[in-house]
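Just so it is clear: chains get the letters A, B, ... in the order the sequence lines come, proteins before strands, and each one is counted from 1. A quick note: this is a predicted structure, and the numbers were derived from the prediction, not measured. The basis for the numbers below is simple: all heavy atoms, side chains too, and nothing from hydrogens, waters or symmetry mates.
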Number of protein chains: 2
Amino acid sequence: MQHEPDQGDAFAPHDHALCQSRALAEAEERLRQQGARLTPVRRRTLEILLEAHRAMGAYEVLDRLAEAGFGRQPPVAYRALEFLVEHGLAHRLQRLNAFAACLHPGEDHAPVFLICRVCDKVAEAHAANVRSELSSAAGELGFTVERATVEALGLCPACAGRDAE
Amino acid sequence: MQHEPDQGDAFAPHDHALCQSRALAEAEERLRQQGARLTPVRRRTLEILLEAHRAMGAYEVLDRLAEAGFGRQPPVAYRALEFLVEHGLAHRLQRLNAFAACLHPGEDHAPVFLICRVCDKVAEAHAANVRSELSSAAGELGFTVERATVEALGLCPACAGRDAE
DNA sequence: AATCAAATTGTAATAAGGTAACAAATTGCA
DNA sequence: TGCAATTTGTTACCTTATTACAATTTGATT
Ligand SMILES: [Zn+2]
Ligand SMILES: [Zn+2]
Ligand SMILES: [Zn+2]
Ligand SMILES: [Zn+2]
């Protein structure tokens, strides 16, 4: 079965020059409506991300910006990337740089983490249904999931209770 | 409705001293079976993680290890943490430190990322079902999801095809 | 056109997270 | 006891990210 190519599907063969120019045009239009400016660094940053159809580290983007004559210091890239993320034109692939004791040792599992933003506690939720939905969503694009990271930030019941008072 | 407390639920009120000692005993038993050794650093590292019921950065763990008389250098903590993760006694909350252009700007979405481990391309999959399963799994523990990160690593159709040949 | 405040860009300095490489000490046998 | 394998300690370095402040650009206002 062949799936319909769509605009989020970087994997499907497509006219990528058109894909890029359309995204750039949409970005200009959206920013104009919001009264935000697509300045040269920001525009070049978006172009750099669009060229690749892959995730790039901030320092890789920074190198390309420097080649194009912009500053060589980290904030140059981080600011432009942050602007794009804030305006819905790019995503940041998350991090948390942390470790937690396993609460279900021996079950050979790939859990979903629930992290309370108030008390910082971490719980592990049962992930089977989440993972099966993920696999099927991926399957629609022909993608095979091998490992997945699912981390939710929110409110645990104790902190939610305290909040509501 | 009250949910049944279970061993993965750090949010439920529970006898945490018992929770810790049980986890430690289970760890010892599991490692013994595998012929791996719960040495002093490793044991203290696991205790540190268990004390908190929250995720801790490697450097925070390192500080605590140093207080307990172990080395003050990053590898001391990273090695012990890696050992615990390898043996299923701890989890690493993932990272990817990267940015990608949004492929659906304007849809105000929280997408699921599919990252091909061979070609590094990133696609955005439709996330509604994944997120609703996530919310309901979280809901069973009384947790309210505000933001969630879902990143899958695997094979895109093109690279899977190449692989199969 | 001259002026000025706000926004943007440039730069230096430093914090935080992570790994490679090798030396010293410990452990468990032969 | 002797020795190899494992574990721990330390040095040095790399990547990622932020704070603070200076210089420049922009767009509106006079
Ligand atoms: Zn494209
Ligand atoms: Zn909480
Ligand atoms: Zn507990
Ligand atoms: Zn691929």
Side-chain angles (χ1 to χ4, degrees), chain A residues 27-28 31-32 34-49 54-87 89-100 115 120 149 151, chain B residues 27-28 31-49 54-87 89-100 120 149 151:
Chain A
E28 268 166 353
L31 290 178
R32 206 183 43 70
Q34 297 176 41
R37 294 162 52 203
L38 190 62
T39 61
V41 219
R42 292 168 179 172
R43 185 190 179 93
R44 190 75 257 280
T45 302
L46 181 54
E47 285 171 359
I48 288 167
L49 291 181
R54 62 187 177 83
M56 299 178 75
Y59 280 70
E60 191 181 353
V61 170
L62 180 58
D63 283 345
R64 306 274 217 102
L65 287 174
E67 283 168 17
F70 298 98
R72 309 197 145 273
Q73 281 64 38
V76 172
Y78 281 104
R79 280 193 293 235
L81 289 166
E82 183 190 17
F83 173 89
L84 295 175
V85 170
E86 269 171 8
H87 291 81
L89 301 172
H91 296 287
R92 182 175 204 141
L93 284 71
Q94 282 287 12
R95 70 191 175 100
L96 183 52
N97 295 345
F99 300 82
I115 307 161
D120 281 332
T149 295
E151 295 171 7
Chain B
E28 267 166 356
L31 290 178
R32 204 182 45 71
Q33 283 176 13
Q34 298 176 40
R37 293 162 51 202
L38 190 62
T39 61
V41 217
R42 291 169 179 170
R43 185 189 179 91
R44 189 77 257 278
T45 303
L46 181 54
E47 285 172 359
I48 289 167
L49 291 181
R54 62 186 176 83
M56 300 178 75
Y59 279 70
E60 192 181 352
V61 171
L62 180 57
D63 283 346
R64 305 274 218 104
L65 287 174
E67 284 169 17
F70 298 98
R72 310 198 145 273
Q73 283 63 38
V76 171
Y78 281 104
R79 280 194 294 234
L81 290 165
E82 184 190 13
F83 172 89
L84 295 175
V85 170
E86 270 171 7
H87 291 81
L89 301 172
H91 296 287
R92 181 175 204 138
L93 284 73
Q94 282 288 11
R95 70 189 177 104
L96 185 50
N97 296 345
F99 300 83
D120 280 334
T149 295
E151 295 172 7

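- Picking from D:dG9, D:dT19, C:dT9 the nucleotide with the shortest atom distance to the side chain of B:R79 gives D:dG9.
- For B:G57 and A:A36, each mapped to the nucleotide of DNA chain C holding its nearest heavy atom, the one lying further toward the 5' end belongs to A:A36.
- Side-chain N/O atoms of B:Y59 and base N/O atoms of C:dA15 include no donor-acceptor pair closer than 3.5 Å.
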Going through the checks in order, is the side-chain contact (heavy atoms from CB on, under 4.5 Å) test met by B:R42 and B:L46? CA-CA 6 Å; B:R42 291 169 179 170; B:L46 181 54; over 6 Å; no
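- Taking CG of A:L31 as the reference point, atom CZ of A:R37 lies at 11.5 Å (rounded to 0.5 Å).
- Using a 4.0 Å cut-off between a side-chain N of Lys or Arg and a carboxylate O of Asp or Glu, A:R92 and A:E82 do not qualify as a salt bridge.
- When the C1' atom of D:dT7 is taken as reference, atom NE2 of B:H87 falls 13 Å away, rounded to whole Å.
- B:L81 has its CG atom 15 Å from the C1' atom of D:dT8, to the nearest Å.
- For D:dG27, the base has no donor-acceptor partner in the side chain of A:R37 [N/O atoms by modelled type, under 3.5 angstrom].
- As a whole-Å value, the separation of A:D63 CG from D:dT15 C1' is 12 Å.
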I'd like to know whether B:R32 forms a salt bridge (charged side-chain N to carboxylate O under 4.0 Å, His left out) with B:E28, so could you lay out the CA-CA distance, the side-chain angles of the two residues, the decisive distance to 0.1 Å, and finally the verdict. CA-CA 6 Å; B:R32 204 182 45 71; B:E28 267 166 356; over 6 Å; no
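- The interatomic distance linking A:Q73 (CD) with C:dA13 (C1') rounds to 11 Å, in whole Å.
- Residue A:R72 contributes atom CZ, which lies 19 Å from atom P of D:dA17 at whole-angstrom precision.
- B:Y78 contributes no side-chain N or O that forms a donor-acceptor pair with the base of C:dG17 under 3.5 Å.
- C:dT9 atom C1' lies 15 Å from atom CG of A:L38, rounded to whole Å.
- Nearest to the side chain of A:R42, among D:dG9, D:dT19, C:dT8, sits C:dT8.
- Salt bridge absent: A:R64 and A:E67 never bring a charged side-chain N and a carboxylate O closer than 4.0 Å.
- Counting to the nearest Å, the P atom of C:dT19 and the CG atom of B:L62 are 14 Å from each other.
- Whole-Å rounding puts the B:E60 CD to C:dG18 C1' distance at 17 Å.
- Proximity note for B:F70 (side chain, C-beta onward) versus D:dT11, C:dA12, D:dG9: the nearest is D:dG9.
- Nearest-nucleotide positions on DNA chain D for B:P74 and A:A58 put B:P74 closer to the 5' end.
- Looking at the side chain of B:V41, the nearest of the listed nucleotides C:dA20, C:dT9, D:dT8 is D:dT8.
- Within the 4.0 Å cut-off from OP1 or OP2 of D:dT8, at least one side-chain nitrogen or oxygen of B:T39 is found.
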